[in-house]
Amino acid sequence: MSPVPERPVRLEVHSRESFAEAHRFPGIGAYEVLTATAHYAVDPKAAANRAIPDLDLVPPDGTGKVCFSGDIEILRPVEGGRRRLFFDWGNRGNKRALQYFCDAPQTNRPRTLADAGTGYLMRRGYTVVFGAWQGDLLPGDGRLLLDLPVARRGADPVRGLTTAEFIVEEPTASLPLSRWSSTRSYPVSERGAHTARLTRRRYPHSTPEELPTGMWRFARLQGGGNELRTAAAAVAPSRCDLHVDGGFQPGWIYELTYEAEDPLVLGLGLAAVRDLVSHLRHDPALPAGPVEYAYGWGRSQTGRAIRDFVHLGFNEDLEGRPVFEGLLPHVSGAGRLGVERFTNLTVPGGQQYEDHLSPADTFPFAYAETVDHLTGERDAIMKRASDPKVLHTQTSTEYWQRRGSLVHTTTDGRDLGFPPNVRGYLWSSSQHVADPSAGAPAKGICSHLQNVVATSALFRAVLDALDAWVSEGVEPPASAVPTVADGTLVTMDAWSRQFPAVPSALPPHEPNELYAVDRSAVPPVADRSRRYTVLVPAVDSDGNETAGVRAPMVAVPLGTYTGWNTRAPGQGHGALHEFSGSTFPFAATEDERLITGDPRPSIQRRYRDSTDYVARIRAAAEELVARRLLLEEDLERATTAAAGWSAPRHRVELP
C-alpha cells in the first residue's frame, strides 16, 4: 500500500515534458505535461465517505486511514493560462478529451503538436487533468490505473454470488471472467468452481439452456508455441478465465453465475476524483493552481460516473466546498455507474441485447425530483446545495438503447424537464460514438451502415456555454430535447407510423425497455409486467429526428440517420446492436429512387448540385452559430467538410 500522505492527497511528480513541440498557442503560450502519482488517504469514518460500499472492510493503517494511489497526467500552460481546470474522466482509463474537443487522434500519450488537434482546449487556456478513477483496470496501452484495496473480513476473503455475460462475434475458446482483457476478473472461489452454472440463450427474453459442466471449466487456452516442431496448446486451469469446449459461439448470450471473492472497493474511485480535484484547485503551489473554476467531462461510462458522483454527494469536498462548478456528462443516457460489490466497471450500461440487466440502470434517472411510480420512492440526481451546473448531452442512441427519455420525463412517461442548474440537449439523429476522424462507414456485424453524422464541433460550443454560465452568469442555450407536449417524444407505435419505408431497412422491434428488476436474486430477475415508460424521438418524412440540435449534416441530409442499428443474421438477428446507429443513403437520382421504391426524394431532386449542397450546409451551420450551439471557428470546418458531398462519410455518384 502507498505511504500515508500528510493531506488527503500527496502528489509524486515523476516527469515534466514539453507538449506540442513547445508550440505557442495564441493568447496562452506553450504547454507542458506533468506525469505523477497521486497518493490518497481516506478516512473510513468520515460522513463524506459513507456512500462507499465495503469501505469498512478495508483495514486502516496506523492513522486510521485507508490508503491507495493512482496515475495522473496534467497538461498545463507554462505561463499560467486562465485558471480553468478541465478534468477528463478517462473512459476505461483512456484519455479522450483531446480527441473529442480538439479533433485530435486518440492517444494515451499526448505529446506532439498533432496530438493537440485543433488546439481548442489549449487556446482556451485550460489546465487539462487526466486522473485515474477506475480501479478494476489492468496495465496496458497506457491506461491510467488506480491501485485500490480489496475488501476482506479479517484473514478471510469476502465472497458472494455474481454473474458474468459473454457475447462473441466469432468463435472463441476462452475469455476472462471480466469479458475484457483490459479488466481485472473477480476470481472464482474454491467452492464456486464446483457450484457455478453456465447457461446460454438466443435473446434476453429466451428461455436459457444450461450447459453441462463437462462442456466448460474455469481455465484458459494457452499455446501457439512449438514443441519438437509441432504446434502445442493447452487448457490451463485458471480462477479468472472461462473455457468452453468447442468455443463460445456467435448468436448466443452466455451467462455465468458463480461465487467470486476479493472484491475491490470501487467506490474509492469517486473519492479519488473529489480529493484530487479539490487538492489541485485550492493549493496555489500545486501544478494546476491556483484554479478559479473546475469543470469535468465524461462520455458514456464516465458520463454515468459523473451522474453517480453528483447523486452520491461527492461534489462536496472534505471542507464543504464544491469540487466542480460545472459538469458535462455525455451519452450516459438515464444510467448511473453503480459501484456495488463485484461490479465490473468496464461493462457498459444495459442495452437491449447486451448487458441488459446492468446495475447501472436504477432509479433515480432524472436530474429533477420525481417519484418511481413502481415503488413509490422519491429521489433526484440533483438535490444538494453543492450541486454543479450541468449540461447533459445525448444522442439518438441513448433514447433507443439507454432509456434517454427518462432523463427528462417521469418514470411513467410524462414531461418533467430539468432543474434550474441543468440543461439537456439531444444531438439529433446521431449515434453514441462519433469519431471526429471517421471515414467511410462499414456494417460490421450489423444490418446497416454505421451512422456518419459529425458532432464533435458541438462539444466545443457546449464547453464555451458552460464556462460563460459559470464564470459570467450568461445563460446557456435553452434545453433542446424532444417532449411529449409538442409531439416530438413518442411511443414506439407512433414512431413506427412515422418512419418511412426505407428499402432494405430492418427497423427495431422496440427500444430497449426497462423493467422492475429484483437485484437480490443472482442473476437478477426482470418483472416484465412492471415497466418504466421509454419513449423515442419523433421523425420527419425522411426518418430524421425533428427535435434537438441538428448538426449541419442532419439539417441538410444526404440520407436517413438513426441512433439504432440491428444485428445481422447469426449475430442475434434483429436485436439492437450495442451503441450503433445507421445511415440509409438517399437514392442519388430519381431513376434509382423509382426502381428501388424509395419514398424519400433523391439527392438529384433535393439539391441543384454539390455547390448548392455546400451552401445549405453553411447556412445550417450559421444558424447553429446564432444559437450558440456552434462556434464561429467551426463554421468554416463544417463548410470545408461538406465538399465533395461530405466524402468520405458519404459516397454520392451523380451524372
Side-chain angles (χ1 to χ4, degrees), residues 395-397 399-400 428-431 434 438-454 488 490 492-511 536-548 550-569 573-577 580-617 620 642-655:
T395 70
S396 174
T397 303
Y399 286 85
W400 285 96
S428 310
S429 293
S430 63
Q431 74 170 11
K443 290 184 179 181
I445 64 166
C446 295
S447 302
H448 315 119
L449 295 173
Q450 293 283 311
N451 185 300
V452 298
V453 174
T488 58
V490 298
M492 183 64 195
D493 286 345
W495 181 90
S496 297
R497 292 191 296 270
Q498 295 172 348
F499 193 75
V502 177
S504 75
L506 177 61
H509 171 66
E510 61 183 2
V536 295
V539 295
D540 60 21
S541 59
D542 286 330
N544 289 316
E545 290 165 354
T546 57
R550 284 185 153 203
M553 287 181 65
V554 177
V556 187
L558 294 174
T560 298
Y561 313 103
T562 74
W564 52 263
N565 206 327
T566 46
R567 285 176 161 264
H573 187 212
L576 291 172
H577 176 260
S580 299
S582 303
T583 295
F584 300 99
F586 295 145
T589 65
E590 280 296 287
D591 287 346
E592 180 186 347
R593 185 187 71 79
L594 290 171
I595 202 167
T596 59
D598 196 329
R600 304 165 299 165
S602 67
I603 293 173
Q604 187 180 53
R605 183 174 174 184
R606 290 168 186 267
Y607 310 109
R608 291 191 305 274
D609 51 28
S610 61
T611 301
D612 179 40
Y613 169 72
V614 171
R616 295 194 198 189
I617 285 282
W645 299 103
S646 292
R649 293 175 187 251
H650 280 283
R651 180 180 178 182
V652 176
E653 296 181 355
L654 286 171

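Below, all heavy atoms of this structure are taken into account, side chains as well, without hydrogens, waters or symmetry copies. Note that the structure is a prediction, hence the values are computed from the model and not measured. When a residue number appears, it is its place in the shown sequence, counting from 1.
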Practice task
Measure from the side-chain N and O atoms of R606 to the backbone N and O of P601, and report whether any donor-acceptor pair falls under 3.5 Å.
Solution key: yes
Problem - Side-chain heavy-atom pair S447, R567 within 4.5 angstrom cut-off - result: no
Exercise for the section: Check whether any side-chain heavy atom of W645 lies under 4.5 Å from a side-chain heavy atom of V614, and answer yes or no. Expected result: no
Handout entry: Within 45° cone and under 6.0 Å: R616 NZ/CZ vs Y607 ring
Key = no
Problem - Contact check, side chains of P599 and P500, non-hydrogen atoms, under 4.5 Å - result: yes
Practice task
Mark yes or no for whether R550, through its side chain, and E545, through its backbone, hold a donor-acceptor pair below 3.5 Å.
Solution key: yes
Practice task
Indicate yes or no: does R600 engage D540 in a salt bridge with an N to O separation below 4.0 Å.
Solution key: no
Problem - Nearest heavy-atom neighbours spanning A551 and A454 - result: CB-O, 3.6 Å
Exercise for the section: Report the C-alpha distance between R651 and L558 in whole Å, list the side-chain angles of each, state the deciding distance to 0.1 Å, and finish with yes or no for side-chain contact (heavy atoms from CB on, under 4.5 Å). Expected result: CA-CA 9 Å; R651 180 180 178 182; L558 294 174; over 6 Å; no
Exercise for the section: Check whether any side-chain heavy atom of L654 sits under 4.5 Å from a side-chain heavy atom of Q604, and report yes or no. Expected result: yes
Problem - Donor + acceptor pair across side chains of S580, Q431 (<3.5 Å) - result: no
Exercise for the section: Please test F499 against T562 for side-chain contact (heavy atoms from CB on, under 4.5 Å), starting from the C-alpha separation and ending with a verdict. Expected result: CA-CA 10 Å; F499 193 75; T562 74; 4.1 Å; yes
Exercise for the section: Return yes when atom CG of L594 has more than 12 non-hydrogen atoms of other residues, nucleotides or ligands closer than 6.0 Å, and no otherwise. Expected result: yes
Problem - Nearest atoms (heavy-atom pairs only) where P441 meets P648 - result: CD-O, 4.2 Å
Handout entry: Check: N451 side chain, S429 main-chain N or O, donor-acceptor pair, under 3.5 Å
Key = yes
Practice task
Decide if the gap between the ring center of F584 and the ring center of H650 is smaller than 6.0 angstrom.
Solution key: no
Practice task
Could you walk me through whether S602 and F586 pass side-chain contact (heavy atoms from CB on, under 4.5 Å), step by step?
Solution key: CA-CA 6 Å; S602 67; F586 295 145; 5.9 Å; no
Handout entry: Heavy-atom side-chain contact between V536 and V490 under 4.5 Å
Key = yes
Problem - Check: R497 and D493 side chains under 4.5 Å, non-hydrogen atoms - result: yes
Handout entry: Reported OH-to-CG distance for the pair Y561 and D542, which is rounded to 0.5 angstrom
Key = 9.5 Å
Problem - Whether H448 and W564 hold their rings parallel, tilted or perpendicular, with breakpoints at 30° and 60° - result: perpendicular
Completion exercise
Residues P537 and W495: closest non-hydrogen pair is O-CD1, 3.4 Å
Exercise for the section: Applying side-chain contact (heavy atoms from CB on, under 4.5 Å), run through S646 and Y613 and close with a yes or a no. Expected result: CA-CA 9 Å; S646 292; Y613 169 72; 2.7 Å; yes
Completion exercise
So OG of S582 and CG of L506: to nearest 0.5 Å the spacing works out to 9.5 Å
Problem - Main-chain N/O of V556 paired to N544 side chain as donor or acceptor, under 3.5 Å - result: no
Handout entry: Enclosure of H509 NE2 (heavy-atom neighbours >12, cutoff 6.0 Å)
Key = no
Problem - Minimal non-hydrogen separation, G574 against T566, with atom names - result: O-CG2, 3.4 Å
Handout entry: Where A620 and P552 come nearest, the two heavy atoms and their spacing
Key = CB-CA, 4.2 Å
Problem - Any E510 side-chain heavy atom under 4.5 Å of W400 side chain - result: no
Exercise for the section: Heavy atoms only: give me the nearest D598-A587 pair and the separation to one decimal. Expected result: OD2-N, 4.2 Å
Practice task
Would you check if the side chain of T583 reaches a backbone N or O of Q450 as a donor-acceptor pair within less than 3.5 Å?
Solution key: yes
